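Notes follow the structure.
So that the names make sense, note that chain A is the first sequence line, chain B the second, and so on, each numbered from 1. The model shown is predicted, which means the values in this text are computed figures rather than measured ones.
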Protein chains: 2
Amino acid sequence: MDCRLRRGATTFGSVKTPAELTETFRANGLKVTPQRQLLFGLMHGNTVHPTAEALYAEASERMPGISLRTVYQTLTDLASMGELRLIDVGSGATRFDPNTDDHHHVVCSSCGEVRDVYVAGSDRLKVDGLDGFTVEQASILFSGTCTACAAEVDKVSRASARGEERKPTNPKERMS
Amino acid sequence: MDCRLRRGATTFGSVKTPAELTETFRANGLKVTPQRQLLFGLMHGNTVHPTAEALYAEASERMPGISLRTVYQTLTDLASMGELRLIDVGSGATRFDPNTDDHHHVVCSSCGEVRDVYVAGSDRLKVDGLDGFTVEQASILFSGTCTACAAEVDKVSRASARGEERKPTNPKERMS
DNA sequence: TTCTCAATCTGCAATCCATGCGAATTAGCA
DNA sequence: TGCTAATTCGCATGGATTGCAGATTGAGAA
Ligand SMILES: [Mn+2]
Ligand SMILES: [Mn+2]
Ligand SMILES: [Zn+2]
Ligand SMILES: [Zn+2]
């Protein structure tokens, strides 16, 4: 199937609904607690690739007192059941992704935004140096500048050309 | 040029020698200390993608008393001058790579070994979902099993078939 | 060569992210 | 309704990296 077809789809691909996750948890002998249900809901259709801390912040609004420990616990459970992917974009904290399709990511080196990208032909890459390695998986991380940040940079450089003050930079960044 | 030509080459590509790095440091107004020279040497031609701790261990043998802080400092300096690449294979600690060629990596999910791979055609990938993003860089991380670990697994499974004990697993692993 | 001082080194504290642990609580079932 | 294993939660712990400041030193000046 052409990956492009996925864009604009009204469903969330193979992503399970909170109700389905409830089923899955019970089927695996795990209890379904209010905390877990809340997190099922927060992750469903979530495309921002949040960190545990970010989810904890959201969860805390709806359920004051929920612990960060429980957020980590539940996310780990979901991941070990294959309902969630752990993403590392090199920004320090692990990001969680309910999209379990075969896809990759772009990260904005300015604001840290992470988006899904679908890559065609990644399995046909000519790779030299494997030297016996049995490759089971490939993950591609693109990095660059999102449209919003590009606009911002543009605005700033124009302002700078007018001799105005420079705006402060945004987040922390590492790995060339 | 065909990447394959790089294999078995007698030089280290664009990698600078310790002497050249000394030049570069002085040219940038940085002092050349014994600690830095030691690290220049330890990194030159180093293909294992060591962590800071690993380098610290090596460095400590030749220069007892050198501090981990200095190792980090020097590696960071080298990286910010573009003489070193920071690699994140998701194993927790950043790995340092004197190979500044355009290349990618394979990591063995069993023993953690990291090897260079040269990928042809990565710039011709069909990527969907970029949605305005300006991509400046793509890094591909392959993961799988190295030949040594594959042999080990094979040996173990054969032993297991004979009813013997199973060997313990190796390192820590995360991210599917 | 000696002087001088900014750059560097080192040890330790602090930070961030994540996990271990154990007492209190609770979901799910009899 | 009551039982009990699973879960929650707060706190301690651990790994990786950076901040800080006093002691040390490379390298240009005299
Ligand atoms: Mn994703
Ligand atoms: Mn490399
Ligand atoms: Zn951005
Ligand atoms: Zn291996």
Look at all strands and tell whether A/Gly65 reaches a base, only sugar-phosphate, or nothing, counting heavy atoms closer than 4.0 Å.
sugar-phosphate
Please check this pair: side chain of A/Arg95 against backbone of A/His49, looking for a donor-acceptor N/O pair closer than 3.5 Å.
yes
From the list C/dT19, D/dT8, D/dG26, which nucleotide is the closest neighbour of the side chain of B/Lys31?
D/dG26
For B/Thr51 and A/Leu68, find the nucleotide of DNA chain D closest to each by heavy atoms; which residue's nucleotide sits nearer the 5' end?
A/Leu68
Find the distance A/Gln37:CD to C/dT26:P and express it as a whole number of Å.
15 Å
With sugar-phosphate meaning primed atoms plus P, OP1 and OP2, does B/Thr70 contact a base, only sugar-phosphate, or nothing at under 4.0 Å between heavy atoms?
base
What is the separation between atom OH on B/Tyr72 and atom P on C/dT15, rounded to the nearest whole Å?
18 Å
Taking only side-chain N and O atoms of B/Arg26, does any of them lie within less than 4.0 angstrom of OP1 or OP2 on D/dG28?
no
Between D/dC11 and A/Arg69, is there an OP1 or OP2 to side-chain N/O distance shorter than 4.0 Å?
no
Separation of C/dC29 atom C1' from A/Leu30 atom CG, nearest Å, is 16 Å
By the 4.0 Å heavy-atom rule, please label A/Glu53 as base, sugar-phosphate, or nothing.
nothing
Please confirm whether the shortest side-chain N or O distance from B/Gln35 to OP1 or OP2 of D/dT25 is below 4.0 Å.
no
Give a yes or no on whether B/Tyr72 and B/Val48 share a hydrophobic cluster (residues Ile, Leu, Val, Met, Phe, Trp, Tyr; joining criterion: side-chain heavy atoms under 4.5 Å apart).
no
When you match B/Gly29 and B/Ser67 each to their closest nucleotide on DNA chain C, which lands nearer the 5' end?
B/Gly29
B/Ile66, nearest nucleotide to its side chain (from C/dT10, C/dC9, C/dT19)
C/dT10
Less than 4.0 angstrom between a side-chain N/O of B/Thr94 and OP1 or OP2 of D/dA16, yes or no?
no
Separation of A/Phe25 atom CZ from C/dG28 atom C1', in whole Å?
15 Å
Given atom CD of A/Gln73 and atom C1' of D/dG10, what is their separation to the nearest angstrom?
14 Å
Take atom CZ of B/Arg95 and atom P of D/dG15, then tell me their distance rounded to the nearest Å.
17 Å
Does a side-chain N or O of A/Arg36 approach OP1 or OP2 of D/dT8 to a distance below 4.0 Å, or not?
yes
Any donor-acceptor N/O pair, A/Ser109 side chain to A/Gly144 backbone, under 3.5 Å:
yes
Please confirm whether the backbone N or O of B/His103 pairs with a side-chain atom of B/Asp101, one donor and one acceptor, at under 3.5 Å?
no
Is there a donor-acceptor pair closer than 3.5 Å between any side-chain N or O of A/Thr70 and the backbone N or O of A/Ile66?
no
Does C/dC9 have OP1 or OP2 under 4.0 Å away from a side-chain N or O of B/Thr33?
yes
Whole-Å gap separating P (C/dC16) and OH (A/Tyr56):
15 Å
pair B/Gln73-B/Ser67: side-chain heavy atoms closer than 4.5 Å:
no
Rounded interatomic separation in angstrom, taking CG from B/Asn28 and P from D/dA27
14 Å
